[in-house]
Amino acid sequence: MKKRNKIFTAASCSAALTLGFVILESRRELGSLTVRNVKISYNKDTDTKPLRIAFFADYHEACKGKLNKRIADAVGNACPDLIMIGGDMLNGYEMMDELPSNELVDLLYRIAPVIMAPGNHEKRAEQKVYKDNEMLYDKFMAGIEDKVHYLKNTSELFSINGKWIRVFGLDLPLDYYKRREKKTLSADEIISYIGKPEKDDSGIINLLLAHNPEYFESYAEWGADLTLSGHFHGGLINIPLIGGVISPRLKILPEYTKGLYESRKCPGKLMYLSSGIGQHSIKIKVNNVPEIVILDLEI
């Protein structure tokens, strides 16, 4: 009996220490920020300056705005041609008189054009799902008016230094974010939402902002040369050589967590999945520092 009690006590102490480490490390990491540089070449023979994109997702009113200046400084120091946001700027679980997300946009749009597609939190806010926070979406949209190219199942064509890129923003219904049921999404269904991409021989890069990365193969089949996603928060806890631990659908060791991926079905079609900046309800991040991604596209 004494031996069993000692084992139980040791296990309890170990669990308490682990939990304490996770809480403290998460608090430290959520107050941190890293800049990741990624180069993608679509034309190896080009000798012109790459098209530079600063990208992030899942801001979720991070640290109630305390990271805003650091985020804006990191983006500004990179001198991007375009700034892209992969959804979930909002955190509908917190009531705020002033939105840090609006304050961040006010800093960013002075640096370069800001392009955003909605995530599931914007979708939920638009549908007034958050109890006692029904005006969140209206407040956010009023704050980004005339400052953001908000692509909600639409697209815009941008010309940067003679290079062309069409940016599509996908806004999926909330059914595609259910935890226990994964709906299928075909290339034809994507066309029904946002139309067809540019033809391969047009010389135009098709970039898709799509918050949910689970449908990457469908995005590639649809014709996205590059997909920028978020939503998975890097799998919350990242284990070296293994990857992120859990997805929002509560899948253990999901296929996608963060970083650059290439389609199996459509070789050459890529996705960059951001580990995100903030968290909404469960504020855990271990070995998974919030990131700004600087993408250099050789076109």
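Hydrogens, waters and symmetry mates play no part in the numbers below; they use all other heavy atoms, side chains included. Quantities reported herein were computed from a predicted structural model and do not represent experimental measurements.
Leu51 and Ile294 end up in different hydrophobic clusters when Ile, Leu, Val, Met, Phe, Trp and Tyr side chains are linked at under 4.5 Å. A single hydrophobic cluster is seen to contain both Val75 and Ile85, as judged by linkage of ILVMFWY side chains at heavy-atom distances under 4.5 Å, directly or through other members. Grouping the Ile, Leu, Val, Met, Phe, Trp and Tyr side chains by contacts below 4.5 angstrom, directly or via other members, places Val293 with Ile53. Hydrophobic clustering (ILVMFWY, side-chain heavy atoms < 4.5 Å, transitive): Tyr261 and Leu226 are in distinct clusters.
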- Task: Could you go through the ring pair (Phe, Tyr, Trp, His ring centres under 6.0 Å) check for Phe232 and Tyr256 one step at a time?
- Result: CA-CA 8 Å; Phe232 275 23; Tyr256 307 122; 7.5 Å; no
- Task: Carefully, step by step, assess Ile165 and Leu297 under the rule side-chain contact (heavy atoms from CB on, under 4.5 Å).
- Result: CA-CA 10 Å; Ile165 181 170; Leu297 309 185; 4.3 Å; yes
- Give the intermediate values and the outcome of ring pair (Phe, Tyr, Trp, His ring centres under 6.0 Å) for residues Trp222 and Phe168. CA-CA 12 Å; Trp222 167 79; Phe168 293 80; 4.9 Å; yes
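At a threshold of 4.0 Å, the pair Lys251-Glu214 does not count as salt-bridged, since none of the basic side-chain nitrogens sits closer than that to a carboxylate oxygen. With respect to the salt-bridge test (charged N to carboxylate O, under 4.0 angstrom), the residues Asp175 and Lys123 do not qualify.
When all heavy atoms are compared, the tightest approach of Arg52 to Cys79 is CD-O, 4.0 Å. The two residues Gly244 and Pro254 have their closest heavy-atom pair at O-CD, 3.7 Å.
No donor-acceptor pair under 3.5 Å is formed between the side chain of Glu61 and the backbone N or O of Leu99. No side-chain donor-acceptor contact under 3.5 Å links Lys269 to the backbone of Tyr219.
The OG atom of Ser32 sits 11.5 Å away from atom CG of Asn288, with the distance rounded to the nearest 0.5 Å. A distance of 6.5 Å separates CG of Leu273 from OG1 of Thr257, quoted to the nearest 0.5 Å. Here the CG-CE distance, from Leu108 to Met84, works out to 13.5 Å after rounding to the nearest 0.5 Å. Atom CG of Asp88 and atom OG of Ser101 lie 11.0 Å apart (nearest 0.5 Å).
Listed by first and then second residue, the ring-ring contact (aromatic ring centres under 6.0 Å, His included) pairs that reach into residues 27-63 are His60-His121, His60-His233, His60-His280, sequence neighbours excluded. Counting only residues at least two apart or in different chains, salt bridge (charged side-chain N to carboxylate O under 4.0 Å, His left out) contacts with residues 185-205 comprise Arg166-Glu198.
Neither side chain, Glu291 nor Thr34, offers a donor N or O lying under 3.5 Å from an acceptor on the other. A donor and an acceptor atom, one from each side chain of Lys163 and Thr48, are located under 3.5 Å apart.
A heavy-atom distance below 4.5 Å is found between the side chains of Pro213 and Met271.
Note that Lys182 lies in the cation-pi zone of Tyr215, set by a 6.0 Å cut-off to the ring centre and a 45° limit from the axis.
The environment of Glu98 atom CD is sparse: at most 12 non-hydrogen atoms of other residues, nucleotides or ligands sit within 6.0 angstrom.
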